[in-house]
Amino acid sequence: MRLIIHPDYEKASLWAANYIAEKIISQTREKPFVLGLPTGSSPLGIYREFVRMHKEGKLSFKNVRTFNMDEYSGLGADHPQSYRFFMMQNLFNHIDIDRGNIHILDGTAKDPHTECRLYEEAIAKEGGIDLFLGGMGSDGHIAFNEPGSSLASRTRIKTLTTETRHSNARFFDGDPDKVPGTALTVGVGTVMDSREVVIIVNGRSKARALKAVVEDGVNHMWTLSCLQMHPKAVIVCDEEATEELKVGTVKYFKDIEKVH
Ligand code: GLP
């Protein structure tokens with residue numbers, strides 16, 4: 001696993017956006033680039049950069065297929081807090097992606113289990129995910145794979161923890177009770193199957209989880225620690241997020257990146 005530490009969030013976002021843009025640009029026409037995407041505040045800097053690059057004519061999404069990580073149960077496309085709405089507002093409405101190439105779980109599906117099974121099938125039909133971009137919850141979760149989730153899990157419906165509902169209450173008038181109690185989410189196994197994973201982590205509120213994920217062992221209580229078993233994983237973060245890491249850990253990863 002690479003841990004790339006930048007002085008601030010803007011620089012971390014810029015690095016991640018450029019890294020992914022290069023992969024998209026170098027993909028050949030014959031095979032579309034399959035990109036997994038997150039929501040939340042963490043990827044906003046990357047999405048802003050994608051939009052800027054697109055507007056400047058440097059990046060096209062014509063050859064990109066996307067799969068979002070998760071969606072709240074019961075929130076339709078028109079709900080301002082649905083992840084589909086978020087993605088349209090913050091990225092898809094501003095780039096040249098073909099709408100038919102966007103995949104987001106339907107939180108209003110009458111049969112969520114079938115919805116989740118079909119999502120896994122759709123990913124497989126595209127030949128798997130080339131790169132999964134993600135964020136991390138303050139309890140170390142990836143997508144909505146809350147503490148205790150199976151590290152072999154696939155797309156399914158999950159109950160959200162009180163910590164996650166409190167964290168995400170800021171988008172629901174500050175009221176945790178307004179945050180849906182369940183969500184549809186890709187599994188840890190789904191993320192692990194992608195050819196590459198890039199995670200953006202910023203701010204002090206993520207420092208405790210980053211320490212667990214990077215310095216402790218693989219553990220289902222911090223589901224992002226699964227990355228320790230992934231052949232090609234990168235965590236890009238700001239200095240603030242490293243505050244709980246050992247001085248030696250920070251030195252080690254910075255030293256390695258000098259060579260990169
Ligand atoms: C939610 C999402 C995750 C996201 C996390 C962190 O739980 N399901 O995909 O990584 O929030 O969100 P933020 O980036 O806003 O801190």
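Atoms within each ligand, like the ligands themselves, are counted from 1 in listed order.
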Within-cut-off N or O pair, [X] and ligand 1, under 3.5 Å:
X	answer
Ala143	yes
Ser41	yes
Met136	yes
His141	yes

What's the shortest distance from [atom] to any protein heavy atom, and which residue and atom give it?
atom	answer
atom 8 (N) of ligand 1	Asp70 OD2, 2.7 Å
atom 14 (O) of ligand 1	Ser42 OG, 2.5 Å
atom 12 (O) of ligand 1	Gly40 CA, 4.2 Å
atom 16 (O) of ligand 1	Lys206 NZ, 2.8 Å
atom 4 (C) of ligand 1	Thr39 O, 4.3 Å

Mind checking whether [X] contacts ligand 1 via backbone (N, CA, C, O), side chain (CB onward), both or neither, at a 4.0 Å heavy-atom cut-off?
X	value
Thr185	neither
Lys158	neither
Pro38	neither

Fit a plane to each ring of [X] and [Y], take the angle between them on a 0 to 90° scale, and name the class: parallel (under 30°), tilted (30 to 60°) or perpendicular (over 60°).
X	Y	result
Phe144	His141	tilted
His6	Trp15	tilted
Tyr119	His103	perpendicular

Can you list the ligand 1 atoms lying under 4.0 Å from a non-hydrogen atom of [X]?
X	value
Gly135	10 (O)
Tyr83	1 (C), 2 (C), 8 (N)
Arg170	13 (P), 15 (O), 16 (O)
Phe144	1 (C), 7 (O), 8 (N)
Asn168	1 (C), 7 (O)

Does Glu163 form a side chain to side chain donor-acceptor pair (under 3.5 Å) with Ser138? I'd like the steps, not just the answer. CA-CA 8 Å; Glu163 176 160 343; Ser138 54; 2.9 Å; yes
Main chain of [Y], side chain of [X]: is a donor-acceptor contact present, judged purely on distance under 3.5 Å?
X	Y	result
Thr242	Leu245	no
Gln81	Phe171	yes
Glu115	Asp106	yes

Glu196/Lys23 ion pair, N-O < 4.0 Å: yes
Lys211 with Asp216: basic N within carboxylate O range, under 4.0 Å: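 Here Lys211 does not pair with Asp216 in a salt bridge, since their nearest N and O are not under 4.0 Å apart.
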Run the numbers on Tyr72 and Phe86 for ring pair (Phe, Tyr, Trp, His ring centres under 6.0 Å), then give the verdict. CA-CA 12 Å; Tyr72 287 117; Phe86 173 101; over 10 Å; no
Could you report the tightest heavy-atom contact between Asp130 and Pro32, atom names first, then the distance? OD2-O, 3.7 Å
